[in-house]
Number of protein chains: 2
Amino acid sequence: MAEKVTIATVARHARVSRQTVSNVLNAPHIVREETRQRVQEAIAALGYRASQAARQMRTGRSRLIAVRIEPTRDGINGSVLDRFLHGLTETAEAAGYRTMLYTASDTAREIAAYDDLLSAYDLDGFVLTGTHHGDPRTAWLAERGVAFVTFGRPWDDPEAHPWVDVDGAAGTGRATGHLLARGHRRIGFLGWPAGSGVGDDRRAGWREALRAAGIDPTGLDRETEDGIAEGERSMRDLLATDAPPTAVVCASDSLALGALQAVRAADPPVAVVGFDDTPVAAAVGLTSVSQPLGDAAARCVDLLTAVLDGDQQTPAPVLLQPSLVLRHTA
Amino acid sequence: MAEKVTIATVARHARVSRQTVSNVLNAPHIVREETRQRVQEAIAALGYRASQAARQMRTGRSRLIAVRIEPTRDGINGSVLDRFLHGLTETAEAAGYRTMLYTASDTAREIAAYDDLLSAYDLDGFVLTGTHHGDPRTAWLAERGVAFVTFGRPWDDPEAHPWVDVDGAAGTGRATGHLLARGHRRIGFLGWPAGSGVGDDRRAGWREALRAAGIDPTGLDRETEDGIAEGERSMRDLLATDAPPTAVVCASDSLALGALQAVRAADPPVAVVGFDDTPVAAAVGLTSVSQPLGDAAARCVDLLTAVLDGDQQTPAPVLLQPSLVLRHTA
DNA sequence: CTCGCCGTCTTGAACGATCCAAATTGGATA
DNA sequence: TATCCAATTTGGATCGTTCAAGACGGCGAG
């Protein structure tokens, strides 16, 4: 077992003081080039690595960011978080930060988790996913001056804090545009009940695209909770109207999957487009709107590190564009 | 902004020494009940939380465990890791540990990551997933006396280190048994090329179940890489033989999905069973072998904390039983 | 020539917890 | 009352790093 190598070991080996070694690591420009090299060689030779615990105790910073891992609800959207997490971890590592996970079954517990993580582990920042109207979490964090970024817009005040989001309206708009280009006129929409920022945004994209094409969207959409069974039911409902749609855009792949069940035997076939490009969509050949999750995660880290590494003003938010992945359902 | 509350603040408030506060937290039995309560009240009143950094510096332990987050390969198996991670984080929190993520694109980099995590963050332990024959990672960790558990058996020496696994052979055996009970006799198997512990295990379960029923499995299985297209190809190959199977068990949901494509129009229908019970399986109604991932994660944490909290001898490995989730493909 | 300044490097103290050895307490015993 | 022992409690040292302040030599300006 090798002896533990500390900054003092390196200092002795390079015949300088502890502080000089510290400076080489944290403020290289104030050290003479020759000395710097000597110290660097000693570091490499001894395989020295700064103890985060000691550094953290002195500076109060941990180089740790936290992100919540949610229980996968219906399972289909699980892989979204998965890809996001991977991107986040990878980009954070490149920026010298590590990623810590936590769970929380409701908002109150989540805030308690913040408190614990901050006071026990001195976390530097948080990445929140899935914000909603009047989210108490962002208020709590902002009040205490904790650095954080949300993946998802603050639906109340776009200037409230740094955020990264994917332009859902553009996504459904693009999907609708694609269907229009294929000659569809009566294009339906299956979405969630009004009130969720994300859901309203996606619905708006579809509505505006239809309006722009001179089509009245009235009566062509349905509101329902997320889920395959719910999607199927709403789609049947839509098909039973006087002027049933010949194509439908959905707010999620779950709904789209349900819609697919409902139109299975339809002739001529009804086109279906989902949202999120989950593995399920890929497996069943469902055309879907794909979010650039890797990019989104990377931008989250960028914003967070910008705040942490001293930028005073909150960095500009980032709105990414989704793309339409064409498969054989539309 | 509230003042930082340290162990000294609590000590002053409860009119005891710092060490007594420390004892209340770490060795309550040596403190008089009355004193203990007074200190506990002070802790609660002040909202004190021990600084992990300071504790870690003194004790060398961080109460942190690390797990690798993999890039989701074909996407379908992504959610497996997802559910596992959630269970891991939740159980670890209950045991007073936090979970840290890291990425690594190959084994050499992964070992470099261990080195970094250990020397910079003083990680207490690792959870490895997906072990294979002659895995250099376990050797590296064992050599340095680092605590770790694998989710997946050590295929070379079952006593090498603590592990948790799901009995894949029992899973495919159960699936085969179910098909036999439904009257199928020629039951095929789609699996991966020989050499992977997991794959060989799953194939063996099917083979033994057939043998036990007095059926010769020869010629009824195929070896292929994982993937939907690969599954479809292998299934067509199997159907083109003199005595095509009337049912097939697959080593993964990806292969099963491919098989489903291949037998779509078959009459009488060919039964298909997948493995892993992924969201895709649920979505398309594929009968599949389900792994108790939450349990597995919890047991991983149990074993790891047992090692960390002083148990000298390596705790007994855990082999969990999968279950068959019946849907309409079998 | 002296002063002050700059660039470079060094020394002592501090972060907040635990370990260790020593001191105090209270009660039982001589 | 003095003594001893066990149960509690205490104070100082320590982990490895960075901060703050100071030391040193050389150089240009006054």
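Sequence lines set the chain letters: A, B, ... in the order given, protein chains first and strands last, and positions in each chain run from 1.
Residues satisfying the side chain to side chain donor-acceptor pair (under 3.5 Å) test with B:H133, not counting sequence neighbours, are B:D156. Scored by the ring pair (Phe, Tyr, Trp, His ring centres under 6.0 Å) test, B:H13 finds no partners at all (sequence neighbours excluded). B:Y121 pairs by the ring pair (Phe, Tyr, Trp, His ring centres under 6.0 Å) definition with nothing, not counting sequence neighbours. Every residue was checked against the salt bridge (Lys or Arg N to Asp or Glu O under 4.0 Å) condition with A:E159, not counting sequence neighbours, and none meets it. For A:R109, the salt bridge (Lys or Arg N to Asp or Glu O under 4.0 Å) criterion is met by A:D106, not counting sequence neighbours. Remark: B:T138 pairs with B:L128, B:D135, B:F148, B:T150, B:H161 by the side chain to side chain contact (heavy atoms under 4.5 Å, CB included) rule, at least two apart or across chains. Applying the side chain to side chain donor-acceptor pair (under 3.5 Å) test to B:R98 and every residue at least two apart in sequence or in another chain returns A:D116, B:E93. Considering only residues two or more places apart in sequence or on other chains, B:T99 meets the side chain to side chain donor-acceptor pair (under 3.5 Å) condition with none of them.
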Problem set entry | Reading 5' to 3' through nucleotides 23-28 of chain C, protein heavy-atom contacts under 4.0 Å coded B for base, S for sugar-phosphate only, - for none | ------

Exercise. Reading nucleotides 16-27 of chain D from the 5' end, what letters show protein touch, with B for base, S for backbone sugar-phosphate only, - for no heavy atom under 4.0 Å?
Worked result: BBBBB-------

What side-chain donor-acceptor pairs closer than 3.5 Å can you find for residues 40-47 of chain B, not counting sequence neighbours?
none

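Atoms CZ (A:R15) and P (C:dT10) sit 11 Å apart, rounded to a whole Å. At whole-Å resolution of the value, CZ in A:R36 and C1' in C:dG7 are 16 Å apart.
Without hydrogens or angle criteria, B:D165 side chain to B:R153 main chain gives a donor-acceptor distance under 3.5 Å.
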Pick out the pairs of N or O atoms, protein on one side and nucleotides 4-8 of chain D on the other, that lie under 3.5 Å.
none

